[in-house]
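Starting from 1, each residue takes its place in the sequence as its number.
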Amino acid sequence: IMLHSTLALSLLLIAVSSNLAMAIKKEKRTPQTLSRGWGDDITWVQTYEEGLYQAKKSNKPLMVIHHLEDCQYCQALKKAFAENEEIQEMAQNNFVMLNLMHETTDKNLSPDGQYVPRIMFVDPSLTVRADIIGRYSNRLYTYEPQDIPFLIENMKKALRLIQTEL
């Protein structure tokens, strides 16, 4: 009986320690969870407030992506966004990036409604750029996968506006 319980105890310890090792390994990958599939090499901020702070501090525009997990349009856009090298590179180097699965209290981020997907830009002076719009008059800030070139142009526009206005 003694041998049996010792064996059981050591098996339990092995199970616990390997679970612990897995938990530690997972812990190291925290940036990945913030990306939510929009781009694992991008440094994402966690909150809108943090995004505003970083935009002001770094003098980079903040790009805010509103989306939902169970929205097929969001999923399609996310895939196109994550696979586009030019977008990923600009997002990594020239923008403060935030993707949100909930609405913020800032009504300026939903000038024409709280639909998803919705992408808005906030410049380093913390002005929401309601003038950087997509192609659809009924949902000004939405993009579809085929609108990726248009989104790239808008990202460049957001960068140009900083240069000209500051």
>> The test is side-chain hydrogen bond (donor to acceptor under 3.5 Å, both in side chains); show your working for D112 and Y141 and say whether it passes.
In response: CA-CA 8 Å; D112 65 342; Y141 308 98; 5.7 Å; no
>> Test side chain to side chain contact (heavy atoms under 4.5 Å, CB included) on H102 and H66; report intermediate values, then the result.
In response: CA-CA 7 Å; H102 57 85; H66 284 93; over 6 Å; no
> Passes side chain to side chain contact (heavy atoms under 4.5 Å, CB included), L100 versus H67? Steps please.
Replying inline: CA-CA 6 Å; L100 288 177; H67 65 105; 5.8 Å; no
>> Assess the residue pair L159 and F95 against the criterion (side chain to side chain contact (heavy atoms under 4.5 Å, CB included)); give the C-alpha distance rounded to whole Å, side-chain angles, the decisive distance to 0.1 Å, and a yes or no.
In response: CA-CA 8 Å; L159 292 170; F95 287 84; 3.8 Å; yes
> Checking salt bridge (charged side-chain N to carboxylate O under 4.0 Å, His left out) for the pair E86/K156: CA distance, chi angles, key distance, verdict?
Replying inline: CA-CA 11 Å; E86 192 176 359; K156 290 177 179 169; 3.0 Å; yes
> Would M63 and L151 satisfy side chain to side chain contact (heavy atoms under 4.5 Å, CB included), going step by step from the backbone distance to the final call?
Replying inline: CA-CA 11 Å; M63 184 171 178; L151 179 58; 4.0 Å; yes
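Between I148 and I87 the shortest side-chain heavy-atom distance falls below 4.5 Å. Within the 4.5 Å cutoff, the side chain of V96 has heavy atoms near those of the S58 side chain.
Rounded to the nearest 0.5 Å, atoms OG1 (T142) and CD1 (I133) are 12.5 Å apart. Put simply, CG on L140 and CE on M120 are 8.5 Å apart, with the number rounded to the nearest 0.5 Å. Annotation: the span from L109 atom CG to Y48 atom OH amounts to 4.0 Å, rounded to 0.5 Å. The distance from the CD1 atom of I162 to the CZ atom of R129 is 9.0 Å, given to the nearest 0.5 Å. Distance CG/N99 to CG/L34: 7.5 Å, rounded to 0.5 Å. Atom CZ in F121 sits 9.5 Å away from atom CG in L62 (nearest 0.5 Å).
Here the shortest heavy-atom pairing between C74 and C71 reads SG-SG, 2.6 Å. Smallest separation of non-hydrogen atoms from D147 and R135: OD1-NH1, 2.5 Å.
Between the S110 side chain and the G113 main chain, no donor and acceptor come within less than 3.5 Å of each other.
No continuous path of ILVMFWY side-chain contacts below 4.5 Å connects I119 to V128, so the two sit in separate hydrophobic clusters. Under the 4.5 Å side-chain contact rule for hydrophobic residues, Y136 and Y73 do not share a cluster. Residues I152 and M97 fall within the same hydrophobic cluster, defined by Ile, Leu, Val, Met, Phe, Trp and Tyr side chains chained together at heavy-atom separations under 4.5 Å. Linking Ile, Leu, Val, Met, Phe, Trp and Tyr residues whenever their side-chain heavy atoms come within less than 4.5 Å leaves M101 and V64 in two separate clusters. Clustering ILVMFWY residues whenever any of their side-chain heavy atoms sit less than 4.5 angstrom apart, transitively, puts L52 in a cluster other than the one holding I42.
K78 pairs by the salt bridge (Lys or Arg N to Asp or Glu O under 4.0 Å) definition with E69, not counting sequence neighbours.
Taking the six-membered ring where tryptophan is involved, the planes of W38 and F81 are perpendicular, since the angle between them exceeds 60° and thus also 30°.
Within 6.0 Å of OH in Y53 there are 12 or fewer heavy atoms belonging to other residues, nucleotides or ligands. Within a 6.0 Å radius of CD in E85, no more than 12 heavy atoms belonging to other residues, nucleotides or ligands are found. Summarising the local packing, CD of E89 is surrounded by 12 or fewer heavy atoms from other residues, nucleotides or ligands at distances under 6.0 Å.
A salt bridge is absent between E153 and K157; no separation between the charged side-chain nitrogens and carboxylate oxygens falls under 4.0 Å. For E103 and R118, the salt-bridge test passes: some basic side-chain N is under 4.0 Å from an acidic carboxylate O.
Neither side chain, T104 nor D106, offers a donor N or O lying under 3.5 Å from an acceptor on the other.
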